[in-house]
Amino acid sequence: MNWQERTGCGNVGKDDVGREIQLQGWVDARRDHGEVLFIHLRDWTGIVQVVFQETESKDMLETAQNLREEYCIEITGRVVARAPGTENSSITTGTIEVTASALSVLNASVGLPFHISEKAMVAGAVVGTPANVAEDLRLQYRYLDLRRPSMQDNLIKRHQIIKSARKILEDRGFIEVETPCLTKSTPEGARDYIVPSRVHPGEFYALPQSPQLFKQLLMVSGLERYYQVARCFRDEDLRPNRQPEFTQLDIEASFIDESFLFELIEEIVSQMFAVGGIDLLRPFPKMCYQEAIATTGSDRPDLRFGLRFVAATDLFTNTSYAIFKQILKRNGCIIGINVKGQSEALSKNVLQNEYAKQIVPGFGGKGMTWMRMVDGKLDSNIVQFFSPAEQQDIIERFECEDGDVLMIIADPSYALATKVLGQLRLHVADRLGLIPKNTWSPVWVTDFPLFDPTETGGVTSTHHPFTAPDRTDFDPQNVSDLLSLKSRAYDIVLNGEELGGGSIRIDNREVQQKIFTALGLTPEEAAQKFGFFLQAFEFGPPPHGGLALGIDRIAAMVLSTRSIRDVIAFPKNRSAFCPLTHAPSLVSHEQLAELELLNLGGGEAMPGKAEKNLLETLSWVSRIGIREEEALMIKTAVEQAEKLATQIQARATDEEPMFSVIPLQNRTRPGREAVAHFGVENGDLLTNAAEVKGDFFKVANIIE
Ligand code: ASP
């Protein structure tokens, strides 16, 4: 292989005219004219047209005639300028072509599962439409999918994005340190992927949800500025654009504060987006969590457009409108948005039948109040319930003008009302095209609460348990005190998407211990899970903080791809499966035996089985945690169900069952003759059905 002489297909240009060059690559497309044959030759630098002529060599032409798509070949040829009028502006090398003098087929290709060529500009050639190929097929033949120039470009740009960040970090003295993948659980709020150990039978490593604990330990070690392009693993429920493993740019530094990190990250994010030609205006604005929720209903506020919330609770203190009255009695809130000048697009019918009845309930809201401003007055199905003074207040508070539409959510829960209105805000903006294209609105969201309440009356970390609180004099047993704490965490958000987040960390052992206590861990549990970490904090830890950026999401945004899978070389599909390697897959009996996993799932391994504790077993198999105070109630219910089951079983032995699913047969009560309803035969049965298809009619969807 004469690699020294090789020229990249996309690098040939006008300056090379007259030169003899050697190219290697894949046949992208071909057009055969008998005495002359054209191909597009492609490598990762681009595409160039190669011409095989009988006049050069008959043998060579014959070999060329047998070329098919994706054959890997090598040619030698001379660069010639194309005649005016035959230039091809769709490829960067379109002003020249290469007249081949030698051809060798390095390796042939079998027929393709889908076309790869995206630039099959040779007239008459099949133009591939890979975008329409089923994604699982693309993933199954990912190595072919990645031959497509657009996919190669994604991976090349992804590399440039990471490189731009590395450069900044290295210029500022950060060093890259690798942390383990086989480790102990790191709490980031997801389930762990666990890996069985053969050497320690019955024991497991966890794959890291993030390098959080290790990067903090590196700070204790005195390696003051750390970064890592780190793979993280989280076993979460499937959602579009989530991957079980993903890449973070993970950063931590000592003796710094928030301002250090804000400046650094703004520089990194700006350079990353510059790879896609996107210019982000700096400094990025900051918004506290409370304001983000109060004005957009989201801690990932999309600030590309208005539709900010208007608080209106106080306008209705004395209202006689029953629904509002009820809600205010329960300390609820009333908030709304003014959709300016959209009363044509948002007709009464759309507001009432689509939004109030379907869309808002779909977001979890109980309903929506709407009003339109017509001829200086409010108009809606309920406006008569508001006094003239209230109507005037509404007009003023929402700054209503003719053509405006108010959408109002009232709910006893502030959290629910803001969440529902937040989703409504995004829905309306999207539907009415109010989100400007090619606009980039970064924002730092700060001052998050340190804890969120749990359903069982406790607290859980809003970020993770290592985030510094805004004060340290809290009582770890006092839930309302805990819920009043703010954290020194920050998220970076762009166009409503979270790019990353981090915090200044706790650097005091006692405070860290108090946080574990607040989270409900006994000192023994804390020691068992995080003893090594707490111990490190006895040895003079420095003040430190950091952040992690989601590389996959950033690359997908920079490159405007439809999915994050398009910027990952070998992603899993939507069901966390790899169609290429068929992972996850079964393992052999021998492997399980070697790992001593064969008894897992057996009687002894199931909690409660050995002691015959039905409730514990039930809780384990159904994955429902049962609290002590619920135990008695559930136990009684289970016993009753057991009794009923025994009775049914007893009766079933001497009586014909009334209903059976499989096999399908008509069953009748004993002593009654089976009769078909006359309507079945003449079709009358379907006359009044709301919807009929063939011989069937639609019924309510009771069982999903
Ligand atoms: N470990 C955190 C995360 O994965 C980021 C950080 O706090 O630095 O979200």
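For reference, positions follow the sequence shown, starting with 1. Source: prediction; values computed, not measured.
Using a cutoff of 4.0 Å between basic side-chain nitrogens and carboxylate oxygens, E263 and R172 are scored as salt-bridged. With respect to the salt-bridge test (charged N to carboxylate O, under 4.0 angstrom), the residues R158 and D552 qualify. Salt bridge E497/R553: present, at least one basic N to carboxylate O contact under 4.0 Å. Salt-bridge annotation for D566 and R138: present, with a side-chain N of the basic residue lying under 4.0 Å from a carboxylate O of the acidic one. Remark: E74 does not engage R6 in a salt bridge, criterion side-chain N to carboxylate O under 4.0 Å. Salt bridge E236/R191: absent, no basic N to carboxylate O contact under 4.0 Å. Under the 4.0 Å criterion applied to side-chain N and carboxylate O atoms, R282 and E266 are assigned as salt-bridge partners. Salt-bridge formation is detected for the pair R505/E252: a Lys NZ or Arg NE/NH1/NH2 atom is positioned less than 4.0 Å from an Asp or Glu carboxylate oxygen. Salt bridge status for K215 with D250: present, with a side-chain N to carboxylate O gap under 4.0 Å. Under a 4.0 Å N-O distance rule, the pair D28/R42 qualifies as a salt bridge. Ion pair D237/R242 not flagged as a salt bridge, since none of the NZ, NE, NH1 or NH2 atoms sits closer than 4.0 Å to an Asp/Glu carboxylate oxygen.
Aromatic ring orientation, H463 versus F448: perpendicular (interplanar angle above 60°, classes split at 30° and 60°). Ring planes of Y490 and W444: perpendicular class, angle over 60° (limits at 30 and 60°). By the 30° and 60° cut-offs, the orientation of the rings of F466 relative to F530 is perpendicular.
The main-chain N or O of I161 is found under 3.5 Å from a side-chain atom of S164 such that the two form a donor-acceptor pair. R425 places a side-chain N or O within 3.5 Å of a backbone atom of L307 that can act as its donor or acceptor partner. Judged by distance alone, with hydrogens and angles left aside, the side-chain atoms of S90 form no donor-acceptor pair with the main-chain N or O of N88 at under 3.5 Å. Remark: the backbone N or O of K157 is not paired with any side-chain donor or acceptor of H159 at under 3.5 angstrom. Between the side chain of T295 and the backbone N or O of E291 there is at least one donor-acceptor pair closer than 3.5 Å. Remark: the backbone N or O of G18 is paired with a side-chain donor or acceptor of R78 at under 3.5 angstrom.
Put simply, the residue from T99, I75, D32, T63 that forms a side-chain contact (heavy atoms from CB on, under 4.5 Å) with F52 is I75. Each of R231, E188, R234 was compared with S210 under the side chain to side chain donor-acceptor pair (under 3.5 Å) criterion, and only E188 meets it.
By the salt bridge (Lys or Arg N to Asp or Glu O under 4.0 Å) test, E203 is found to be paired with no residue, residues two or more places apart in sequence or in another chain being considered.
A distance of 6.0 Å or more separates the ring centres of H544 and F255.
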Given T179 and Q228, is the side chain to side chain donor-acceptor pair (under 3.5 Å) satisfied, shown in steps?
-> CA-CA 8 Å; T179 55; Q228 183 181 189; 3.0 Å; yes
Report the C-alpha distance between D192 and Q209 in whole Å, list the side-chain angles of each, state the deciding distance to 0.1 Å, and finish with yes or no for side chain to side chain donor-acceptor pair (under 3.5 Å).
-> CA-CA 7 Å; D192 289 323; Q209 294 187 33; 2.7 Å; yes
Trace of the salt bridge (Lys or Arg N to Asp or Glu O under 4.0 Å) decision for E118 with R148 = CA-CA 7 Å; E118 290 178 320; R148 293 162 44 201; 3.2 Å; yes
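For the pair E70/I116, a side-chain contact is recorded, criterion being any heavy-atom separation below 4.5 Å from C-beta on.
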